[in-house]
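In this chain, residues are counted from 1 in sequence order.
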Amino acid sequence: MPPRSPARTVPRQRRRPIQLAALRGFECAARHLSFTLAARELNLTQSSISRQVASLEDDVGQALFVRHTRALELTAAGARLFHSVQQALAAIDRTVDELRGSGPARRVTIATYASFASLWLVPRLPHFQATHPGVDIRIDASDRLVNLEAEAVDIALRWLRPGAPVPSHAVLLGEEEATPALSPRLLTSLTAPLTRLEDLNTLPLLAMDETVHSAPYSGWGRWCEWAGIAPIEGVARLYFTYVDQSVQAAVRGQGVALVRTPFLDDLIASGDLLAPFPQLRMKTGYRYVLIENLERRQLPHVAAFRDWVIAQFAAGPRRMT
């Protein structure tokens, strides 16, 4: 029997450290799904980002992106690495920020959608800043859902769709209601008073575009059905894709809008809008909630902001002083 060949020895691979720059380039490209946008954010060239990603792919031994003609797509390995890298970089950046100061960085990062930020949150911030000097505020105003821990966001103020469960650790701030509202100067310009719901047909209607996911729940069609009247058509219609656009148009006197709480109450209290039929407030099914980053909730400045938001909702309309 011929002698057996010695078993092939597989050389043990050395764990080579991965450069942080390559991880940052990859994280940015994965977040944007674009080398161009990543290069713009990091102030590098597109070719530099491409080389960083290629080097990282060589290091891990797997493709991280599927490169299409005009788009990128994460592979399964890329998605897995992106999740880990995003969390790790956020933790590193947060710790470095804290070490650079004399104590923990007193900054609160809030994620919320743009209309809520402009109509409710930003007008109230001077009060918080006056009572909590030295606390910086960063607002991430977008409709996308964020991973609070992974993206170093302290608090999310969210708008839950009808039927969506409230997360177990979330604070329910309030339920949304909607009613027609218009500016006082538009009302005084009318030749006849608004005494019946059908009189709304004499006004331009400000409506949300049908493609907006909230339109079926808080649009004119549903409100008329809820109020028990025939559909209101108005003399003309303006359609919007953002709530704050329709509200601002109503304040300017461009028509009557279905304005939602809590914005409605603020604008009535300030005199910018009035509700001709104040008793007809329809519950849309949407709810406002506050969600905390569980890793950051005990920090004094984060806890102070959380408590302040809850108190502001409980206090009701913001009145001009």
Side-chain angles (χ1 to χ4, degrees), residues 113-124 141 159 162 173-288 312-313 315-321:
Y113 65 103
S115 294
F116 185 85
S118 63
L119 292 173
W120 192 91
L121 180 59
V122 171
R124 284 173 164 79
W159 193 39
L173 298 172
E175 297 185 10
E176 184 183 76
E177 298 176 337
T179 194
L182 69 162
S183 73
R185 67 174 177 270
L186 176 58
L187 184 64
T188 57
S189 71
L190 301 178
T191 56
L194 291 177
T195 57
R196 303 177 308 124
L197 298 181
E198 289 76 11
D199 294 336
L200 293 172
N201 279 305
T202 65
L203 296 169
L205 294 189
L206 309 175
M208 300 306 296
D209 189 84
E210 288 87 348
T211 61
V212 178
H213 64 72
S214 64
Y217 302 96
S218 56
W220 281 104
R222 184 167 184 266
W223 185 85
C224 290
E225 182 181 355
W226 173 83
I229 61 172
I232 299 293
E233 298 298 336
V235 296
R237 288 198 178 210
L238 287 173
Y239 289 94
F240 302 89
T241 55
Y242 290 97
V243 171
D244 57 338
Q245 294 172 344
S246 68
V247 170
Q248 290 162 6
V251 170
R252 289 191 295 267
Q254 293 178 251
V256 57
L258 275 175
V259 182
R260 310 163 180 184
T261 56
F263 322 132
L264 172 71
D265 300 319
D266 283 355
L267 293 164
I268 289 176
S270 67
D272 290 319
L273 291 179
L274 57 83
F277 309 104
Q279 72 282 9
L280 295 179
R281 290 192 175 203
M282 176 187 71
K283 291 186 180 296
T284 68
Y286 278 85
R287 290 161 295 171
Y288 294 94
Q312 286 292 306
F313 255 88
R318 181 183 69 95
R319 291 175 172 82
M320 301 300 290
T321 56

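- The list of ring-ring contact (aromatic ring centres under 6.0 Å, His included) pairs with a residue in residues 183-219, not counting sequence neighbours, reads W159-H213, Y217-Y286.
- Nearest heavy-atom pair, P184 versus G271, reported as atom, atom and distance to 0.1 Å: CG-O, 3.4 Å.
- Taking both residues in full, the closest heavy atoms of V212 and F240 are given as CG2-O, 4.0 Å, listed atom of the first, atom of the second, then distance.
- To the nearest 0.5 Å, atoms CG (L203) and CD1 (I232) are separated by 9.5 Å.
- Pairs of residues two or more places apart, or lying in two chains, never qualify as ring-ring contact (aromatic ring centres under 6.0 Å, His included) while including a residue from residues 179-207.
- With sequence neighbours excluded, no residue forms a side-chain hydrogen bond (donor to acceptor under 3.5 Å, both in side chains) with Q248.
- Here the closest heavy-atom approach between residue L267 and residue V251 is recorded as CD2-CG2, 4.2 Å.
- Of all heavy-atom pairs spanning T284 and P162, the tightest one is O-CG, 3.6 Å.
- Considering all non-hydrogen atoms of both residues, S246 and A257 come closest at O-CB, 4.2 Å.
- Enclosure of atom CD in E225 is not indicated, since only 12 or fewer non-hydrogen atoms of other residues, nucleotides or ligands lie within 6.0 angstrom.
- Residues that satisfy the side-chain hydrogen bond (donor to acceptor under 3.5 Å, both in side chains) test with R237, not counting sequence neighbours, are absent from this structure.
- How far CG of L186 is from CZ of R252: 13.0 Å, rounded to the nearest 0.5 Å.
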In sequence, state the C-alpha distance, the side-chain angles, and the governing distance for N201 and V235, and then conclude on side chain to side chain contact (heavy atoms under 4.5 Å, CB included). CA-CA 6 Å; N201 279 305; V235 296; over 6 Å; no
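- Enclosure of atom CZ in F313 by more than 12 non-hydrogen atoms of other residues, nucleotides or ligands within 6.0 angstrom is indicated.
- Between the S118 side chain and the S115 main chain, a donor and an acceptor come within less than 3.5 Å of each other.
- Between the NZ atom of K283 and the CD atom of E177 there is a distance of 4.0 Å, given to the nearest 0.5 Å.
- Scored by the side-chain hydrogen bond (donor to acceptor under 3.5 Å, both in side chains) test, T188 finds no partners at all (sequence neighbours excluded).
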Would E210 and Y239 count as a side chain to side chain contact (heavy atoms under 4.5 Å, CB included) if you check the C-alpha gap in whole Å, the side-chain angles of each, and the deciding distance to 0.1 Å? CA-CA 9 Å; E210 288 87 348; Y239 289 94; 3.8 Å; yes
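- Contact of the L258 side chain with the P180 side chain is registered, since non-hydrogen atoms from C-beta on lie closer than 4.5 Å.
- W220 and W223 have perpendicular rings, their planes meeting at more than 60° on a 0 to 90° scale where under 30° would count as parallel.
- From D244, atom CG reaches atom OH of Y113 across 9.5 Å, with rounding to the nearest 0.5 Å.
- For the atom pair T202 OG1 and L194 CG, the distance stands at 5.5 Å (nearest 0.5 Å).
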Mind running side chain to side chain contact (heavy atoms under 4.5 Å, CB included) on L264 and T179 for me, showing each step along the way? CA-CA 8 Å; L264 172 71; T179 194; 3.5 Å; yes
Could you walk me through whether Q245 and M208 pass the side chain to side chain contact (heavy atoms under 4.5 Å, CB included) test, one step at a time? CA-CA 9 Å; Q245 294 172 344; M208 300 306 296; over 6 Å; no
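- Here D209 contributes atom CG and L238 contributes atom CG; the two are 12.0 Å apart, rounded to the nearest 0.5 Å.
- Annotation for P193 and D199: closest pair O-OD2, 3.6 Å, computed over non-hydrogen atoms.
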Let me have the donor-acceptor pairs involving side chains of residues 272-282, under 3.5 Å, with sequence neighbours excluded, atom names and distances please.
| residue | atom | partner | partner atom | Å |
| --- | --- | --- | --- | --- |
| D272 | OD2 | S270 | OG | 2.9 |
| R281 | NH1 | D265 | OD1 | 3.1 |
| R281 | NH2 | D265 | OD1 | 2.7 |

